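The model shown is predicted, which means the values in this text are computed figures rather than measured ones. Counting starts at 1 for both ligands and their atoms, following the listed order.
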Amino acid sequence: MKETITVEKPKGKLGVLLPGLGAVATTFIAGVTAIRKDIAKPIGSLTQMGTIRLGKRTEKRVPKIKEFVELADLNDLVFAGWDIFADDVYQAALNAGVLRKDLLDKVRSEIEQIKPMRAVFDQNYVKKLHGTHVKEARTKYDYAQMLIDDIQSFKASNNLNRMVMVWCASTEVYLKPDPVHGTIESFEKAMKDNHPAIAPSMIYAYASIASGIPFANGAPNLTVDIPALSDLAREKNVPIAGKDFKTGQTLMKTILAPGLKARMIGLEGWFSTNILGNRDGEVLDDPESFKTKEESKLSVLEYILQPEVYPDLYSNFYHKVRINYYPPRGDNKEGWDNIDIFGWLEYPMQIKVDFLCRDSILAAPIVLDLALFLDLAQRCDMRGIQEWLSFYFKSPMHAPNLYPEHDLFIQLMKLKNTLRHLKGEELITHLGLEYYD
Ligand SMILES: NC(=O)c1ccc[n+]([C@@H]2O[C@H](COP(=O)([O-])OP(=O)(O)OC[C@H]3O[C@@H](n4cnc5c(N)ncnc54)[C@H](O)[C@@H]3O)[C@@H](O)[C@H]2O)c1
């Protein structure tokens with residue numbers, strides 16, 4: 001057995017702060033509330049349902065993850081959020097149209113008490129939305145201080161000593177890294193100067209990290225993925241993770257592509273199109289917000305298939321991603337993939353995937369797992385980018401000198417080995433020769 005890292009036990013309540021109380025966040029909150037009342041099951045959540053094998057296969061030690069590592073209990077989660085609309089979580093969940101009214105009515109008394117705080121919002125960064133429930137301040141730095149005050153009041157009124165923040169608000173327009181993102185000093189100065197390279201999501205991330213609170217980014221925005229904020233996270237001993245929850249079509253891509261590569265099957269083209277009709281779809285109908293999403297979705301195949309290592313198989317594939325706003329579908333997206341592949345002697349074949357998925361049903365357990373794992377990471381003194389949480393993201397954050405790991409199965413192995421490492425258990429290599437000695 002190896003050295004064990006001291007893991008402080010979770011004590012008291014864990015505050016979960018959610019910028020954006022839309023489809024994903026309300027599905028998450030209503031879901032956790034229903035699970036606590038034993039009227040639903042946490043399907044899709046690794047922290048709640050997943051197991052972890054320890055030691056040799058012959059030892060038959062396979063505890064649940066939540067029994068193996070010290071995670072906060074679902075009964076100890078307390079929620080708060082910000083939104084540009086004043087609807088409480090019950091009303092917002094009804095508007096989002098993901099969960100059925102009869103389920104929402106069973107948790108109504110709990111979730112309608114959660115009312116959004118006024119948001120930090122600027123329409124220049126989300127063109128399709130007109131916010132009414134927003135803060136007024138002179139500079140972006142002043143906005144950050146207002147968020148920090150909100151966090152402090154939430155903490156005091158719920159008697160919390162631990163919190164996490166998960167960005168569940170709309171996708172912002174595409175921003176390139178800017179020199180003002182380079183250092184903490186230049187970033188703070190840019191906030192005071194109202195520099196356009198500072199998006200609202202960055203102000204939330206700054207407020208979170210400056211308050212010592214772990215931050216995860218569920219959208220493809222740059223947000224925390226800039227040197228100034230990763231440096232601040234290291235300085236303040238805060239774990240961070242991002243970006244863009246891996247659900248729907250990209251989840252399928254990171255399941256299928258490693259399989260094709262494992263069998264050395266070539267790829268000629270991958271055309272992915274989606275129709276969806278929720279507010280996220282409406283925001284993504286704006287080309288500038290779509291560009292942020294497109295960048296996030298496109299990089300996946302390049303990294304998994306490694307064309308530079310396998311030029312005969314992957315150097316020329318054509319990859320196209322489309323998102324079409326189609327209101328009748330609501331949150332029930334349809335994602336079509338047409339995959340042109342080739343096999344032995346370059347004979348062509350095709351795969352068609354038609355995934356009738358529910359985006360927020362796939363995203364809600366990710367929010368839960370990230371909240372619990374980031375809280376665990378902080379209690380284990382882990383800080384800065386948490387690459388072991390790549391499993392949950394379309395564009396995993398990574399150290400500047402590394403390429404991101406996109407393969408879902410490698411990501412899962414990395415996550416579980418990190419948990420084994422934290423508990424001083426042997427890492428699992430899958431070598432297994434010893435069984436045949
Ligand atoms: N649903 C998924 O499967 C999925 C997957 C990956 C990423 N995401 C991302 O997660 C985010 C949430 O998705 P959703 O389906 O819940 O969208 P949504 O539109 O239903 O919810 C987003 C909410 O954020 C609010 N908002 C916008 N700007 C804000 C700000 N500055 N401060 C506070 N609130 C703000 C909006 O009013 C809205 O209520 C989106 O960025 C989306 O791209 C979702």
Distance flag, aromatic centroids of [Y] and [X], threshold under 6.0 Å:
X      : Y      : result
Tyr318 : Phe271 : no
Trp388 : Phe373 : yes
His133 : Phe85  : no

Looking only at protein heavy atoms, identify the closest one to [atom] and say how far it is in Å.
atom                    : answer
atom 10 (O) of ligand 1 : Gly218 O, 3.9 Å
atom 25 (C) of ligand 1 : Asp83 OD2, 3.2 Å
atom 32 (N) of ligand 1 : Tyr204 OH, 2.8 Å
atom 30 (C) of ligand 1 : Val120 O, 3.6 Å
atom 17 (O) of ligand 1 : Asp280 CB, 3.7 Å
atom 43 (O) of ligand 1 : Thr171 OG1, 2.8 Å
atom 11 (C) of ligand 1 : Ala169 O, 3.2 Å
atom 3 (O) of ligand 1  : Thr247 OG1, 2.8 Å

Would you mind listing which atoms of ligand 1 come within a distance below 4.0 Å of any non-hydrogen atom of [X]?
X      : answer
Asp244 : 6 (C), 7 (C)
Ala219 : 41 (O)
Lys394 : 5 (C), 6 (C)
Phe85  : 37 (O)
Ala23  : 15 (O), 16 (O), 18 (P), 20 (O), 21 (O)
Ala119 : 32 (N), 33 (C)
Cys168 : 11 (C), 12 (C), 22 (C)
Ser170 : 22 (C), 24 (O), 25 (C), 26 (N), 27 (C), 36 (C), 41 (O)

Does [X] pair with [Y] as a salt bridge, N-O distance under 4.0 Å?
X      : Y      : result
Arg162 : Asp375 : yes
Lys333 : Asp359 : yes
Arg36  : Glu110 : no

May I ask you to check whether [X] has an N/O atom sitting below 3.5 Å from an N/O atom of ligand 1?
X      : value
Asp359 : yes
Pro200 : no
Pro220 : no
Trp167 : no

Worksheet item: Out of Tyr143, Tyr125, Trp82, Phe245, whose heavy atom sits nearest atom 6 (C) of ligand 1?
Response: Phe245
Worksheet item: Any chance OH of Tyr174 has more than 12 other-residue heavy atoms, nucleotides or ligands included, within less than 6.0 Å?
Response: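 Counting other residues, nucleotides and ligands, OH of Tyr174 exceeds 12 neighbours.
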Worksheet item: Is ligand 1 less than 4.0 angstrom away from at least one heavy atom of Val283?
Response: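 Not so, Val283 does not reach ligand 1.
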Worksheet item: If you look at every heavy atom in Ile151 and Ser211, which pair is closest and at what distance?
Response: CD1-OG, 4.0 Å
Worksheet entry | For the student: nearest non-hydrogen atoms of Phe393 and Leu389, plus distance | CD1-O, 3.3 Å
For the residue pair [X] and [Y], does the interplanar ring angle fall in the parallel (under 30°), tilted (30 to 60°) or perpendicular (over 60°) class?
X      : Y      : value
Tyr314 : Tyr310 : perpendicular
Tyr206 : Tyr141 : tilted
Tyr204 : Trp82  : perpendicular

Fill in: From CA spacing to verdict: side-chain hydrogen bond (donor to acceptor under 3.5 Å, both in side chains), Gln145, Asp149
CA-CA 6 Å; Gln145 300 310 314; Asp149 290 346; over 6 Å; no
